[in-house]
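On a predicted model such as this, the values are computed, not experimentally measured, just so you know.
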Amino acid sequence: MTGNPEFRRNIWLEVTPNRMIGMPLVLFALFFMAYVSDDNRLATAVTSTATGAFFVISLLWGTKLASESVMNEIRDHTWDGQRMSAISPWALSWGKLFGSTIYTWYGALICLAVAGLSATEANIAGSVKSLLLLFLVGVLAQAVSLLASLMAIRKERKFNRSQTAAFLILGLVATSPFFGAAFDSKSLVDWFGTHYERLDFVLGSLLCHTLWAIVGIYHLMRAELQMKNRPWVWYGFVFFLMGYIAGLFYSLPPVAAKPLGAASPSALAAYFTAVAVTYFMAFAERKDFLSLHVLFRLASSGMWGRFLERSPRWILSFPIPVATGIALMLFPRPPSAGAPAGLGWFVLASIFFMARDFGIMLFCNLGKSARRADMLTVLYLALLYGIVPSTLSAMGLETTIHLFWPGAGQYAYLGTAASLLELLAVGWMVAIRWKMRISDMETPAVSAVVS
């Protein structure tokens with residue numbers, strides 16, 4: 001580990017004698033007050049204080065440092081020098097993840113040690129698992145915040161304090177389902193029909209998600225160093241996430257609303273997970289005209305290898321919900337029963353609406369000024385999915401909701417027809433704006449980028 005130059009540099013910057021002495025002094029003062037308040041015992045008060053201090057140091061302070069580790073390099077104009085150095089993307093990845101947070105981990109590990117010594121639980125194995133879970137929660141929160149900051153860097157290299165706070169919150173949100181499991185180890189979790197102890201299941205889940213987050217950091221570091229990434233690892237993550245979420249819904253009863261009850265809850269969960277991931281990546285990645293035109297030229301030239309390397313993940317992810325939706329229609333539950341027409345109408349409408357939304361997003365981003373294009377897209381989608389249908393419903397026009405939402409009721413076919421017409425209209429608008437941008441563009445410049 002010390003052979004990593006990035007990690008060594010962070011140690012020199014973060015670990016100083018004064019800081020090494022100051023951290024344990026402050027922490028042990030807190031622990032001593034908790035010890036005295038609990039009748040001079042290493043008991044619940046000390047454990048709670050150590051756990052709370054771990055949360056503040058690792059999940060708040062450490063997550064903030066991780067999210068700023070690359071951003072600060074860009075602000076200080078030192079990032080380009082690191083990108084041009086001989087350091088490998090893997091060394092740079094874990095050097096940033098663990099090096100920038102090395103001092104917070106110094107304090108966080110002290111907190112974990114005190115929490116373990118003061119634990120009142122008789123089950124030693126359970127206590128060790130709980131401490132390991134807390135450790136992985138901290139790693140996952142920091143990895144997610146660093147991953148989010150790298151995604152933002154790939155999209156735009158301008159940052160402010162609100163974005164840093166958003167990355168910190170994202171790291172906390174990603175770990176919030178796991179953090180409480182450290183204190184609730186008695187219940188069971190049903191995953192694909194098999195029951196697991198809650199703590200064991202969450203610990204395994206947390207380990208898998210942490211590894212995926214670190215792999216994501218590594219691949220984005222490769223992209224920052226101008227290395228090529230094929231989408232196979234991304235597809236692996238999407239299918240993993242679909243399978244993981246589907247397993248949690250495997251034993252649930254079918255959806256009460258007909259005809260969605262014809263599809264198994266796990267299949268519906270996998271479908272909606274694929275849709276959510278595609279939407280998330282569509283907002284997280286760049287959609288500028290030049291990049292899209294390069295992709296169009298690569299596809300038209302049959303250069304599919306380079307197309308896969310340069311395509312944004314939301315474009316590559318779009319076939320997954322489409323294929324999953326088709327599988328919902330072809331393999332209903334129970335298998336012996338044919339899928340009712342309403343299920344097919346719902347799936348088709350949801351796919352058409354999703355394509356329409358991406359068309360709106362492209363229309364906004366293909367303008368001459370793409371600044372705040374995603375915010376404008378959010379405004380349009382809020383009108384289409386929220387304000388307008390709510391207003392019409394309040395006026396007693398409930399049937400018109402199918403014009404804005406994929407329905408599964410009596411008039412489900414209206415949603416499919418409306419979504420298809422809206423998709424065609426938005427596609428026509430995007431085509432017009434695309435031709436306008438083509439006419440304003442100098443073809444030699446784009447040809448040079450493609451080559």
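Between the Thr175 side chain and the Leu172 main chain, a donor and an acceptor come within less than 3.5 Å of each other. Side-chain atoms of Ser266 never come within 3.5 Å of backbone atoms of Gly247 as a donor-acceptor pair (strictly under, hydrogens ignored). Side-chain atoms of Thr47 come within 3.5 Å of backbone atoms of Ser118 as a donor-acceptor pair (strictly under, hydrogens ignored). At distances below 3.5 Å, at least one donor-acceptor pair connects side-chain atoms of Thr104 with backbone N or O atoms of Thr101. Proximity of a side-chain donor or acceptor of Arg154 to a complementary backbone N or O of Leu220 within less than 3.5 Å is not detected.
Put simply, the side chain of Phe31 reaches to within 4.5 Å of the side chain of Cys111, judged on heavy atoms. No side-chain heavy atom of Leu132 sits under 4.5 Å from any side-chain heavy atom of Lys129. With a 4.5 Å cut-off on side-chain heavy atoms, Ser317 and Trp234 count as touching. Proximity of Phe249 to Leu268: side-chain heavy atoms (C-beta onward) are nowhere separated by under 4.5 Å. In this structure the side chain of Trp314 never reaches within 4.5 angstrom of the side chain of Met361, judged on heavy atoms. Here the side chains of Asp357 and Thr377 are not in contact, with every heavy-atom distance at 4.5 Å or above. Side-chain contact between Leu384 and Ile360 is present, with heavy atoms from C-beta onward closer than 4.5 Å. At a threshold of 4.5 Å between non-hydrogen side-chain atoms, the residues Leu295 and Ser311 count as touching.
Taking the six-membered ring for Trp and thresholds of 30 and 60 degrees, Tyr250 and Phe192 have ring planes inclined between 30 and 60 degrees apart. Taking the six-membered ring where tryptophan is involved, the planes of Tyr218 and Trp90 are perpendicular, since the angle between them exceeds 60° and thus also 30°. In this structure, Phe178 and His209 have tilted ring planes: the angle between them lies in the 30° to 60° band.
Listed by first and then second residue, the salt bridge (Lys or Arg N to Asp or Glu O under 4.0 Å) pairs that reach into residues 201-218 come to none, sequence neighbours excluded.
Annotation: Trp345 is not in aromatic contact with Phe352 [ring centroid separation under 6.0 Å not met].
Nearest approach of Met20 to Tyr106, heavy atoms of both residues: O-OH, 2.8 Å. The two residues Ala274 and Thr278 have their closest heavy-atom pair at O-OG1, 2.8 Å. Taking every heavy atom of both residues into account, Gln142 and Ser58 meet most closely at NE2-O, 3.2 Å. Of all heavy-atom pairs spanning Ala213 and Ala143, the tightest one is CB-CB, 3.8 Å. Taking both residues in full, the closest heavy atoms of Val275 and Met354 are given as CG1-SD, 3.9 Å, listed atom of the first, atom of the second, then distance. The nearest pair of heavy atoms linking Met23 to Gly107 is CG-CA, 3.7 Å.
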Would you check, one step at a time, whether the test side-chain contact (heavy atoms from CB on, under 4.5 Å) holds for Leu188 with Glu197? CA-CA 5 Å; Leu188 298 176; Glu197 290 190 7; 4.2 Å; yes
Can you check side-chain contact (heavy atoms from CB on, under 4.5 Å) on Leu147 and Trp212, steps first, answer last? CA-CA 10 Å; Leu147 181 64; Trp212 275 115; over 6 Å; no
Output, in order, the C-alpha distance, side-chain angles, deciding distance and verdict of side-chain contact (heavy atoms from CB on, under 4.5 Å) for Leu366 and Leu292. CA-CA 9 Å; Leu366 289 176; Leu292 294 174; 4.2 Å; yes
Would you check, one step at a time, whether the test side-chain contact (heavy atoms from CB on, under 4.5 Å) holds for Val144 with Thr63? CA-CA 9 Å; Val144 169; Thr63 300; over 6 Å; no
Phe353 vs Phe404, test: ring-ring contact (aromatic ring centres under 6.0 Å, His included). Steps then yes/no. CA-CA 8 Å; Phe353 275 126; Phe404 305 94; 8.2 Å; no
N/O donor-acceptor pairs under 3.5 Å from side chains in residues 235-244, not counting sequence neighbours:
from   : atom 1 : to     : atom 2 : distance (Å)
Tyr235 : OH     : Leu316 : O      : 2.8
Tyr244 : OH     : Ser205 : OG     : 3.0

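Atom CG of Leu59 and atom CG of Leu168 lie 8.5 Å apart (nearest 0.5 Å). A distance of 4.0 Å separates CE in Met281 from CE in Met151, rounded to the nearest 0.5 Å. Rounding to the nearest 0.5 Å gives a distance of 10.5 Å between CZ of Phe135 and CG of Leu206. Rounded to the nearest 0.5 Å, atoms OH (Tyr35) and CG (Asn40) are 4.5 Å apart.
Remark: Arg313 does not engage Glu285 in a salt bridge, criterion side-chain N to carboxylate O under 4.0 Å.
Looking at residues two or more places apart in sequence or on another chain, you find a side-chain hydrogen bond (donor to acceptor under 3.5 Å, both in side chains) between Glu6 and Arg9, Asn10, Gln82, Lys96.
Around the OH atom of Tyr385, the shell of radius 6.0 Å holds more than 12 heavy atoms that belong to other residues, nucleotides or ligands. The environment of CH2 in Trp61 is crowded: more than 12 heavy-atom neighbours from other residues, nucleotides or ligands sit within 6.0 Å. For Lys287, the NZ atom counts as densely surrounded, since its 6.0 Å shell holds more than 12 non-hydrogen atoms of other residues, nucleotides or ligands.
Judged by the 6.0 Å distance and 45° axis criteria, Arg356 is not positioned over the aromatic ring of Tyr380.
Ser67 and Ser149 share no side-chain donor-acceptor pair at under 3.5 Å.
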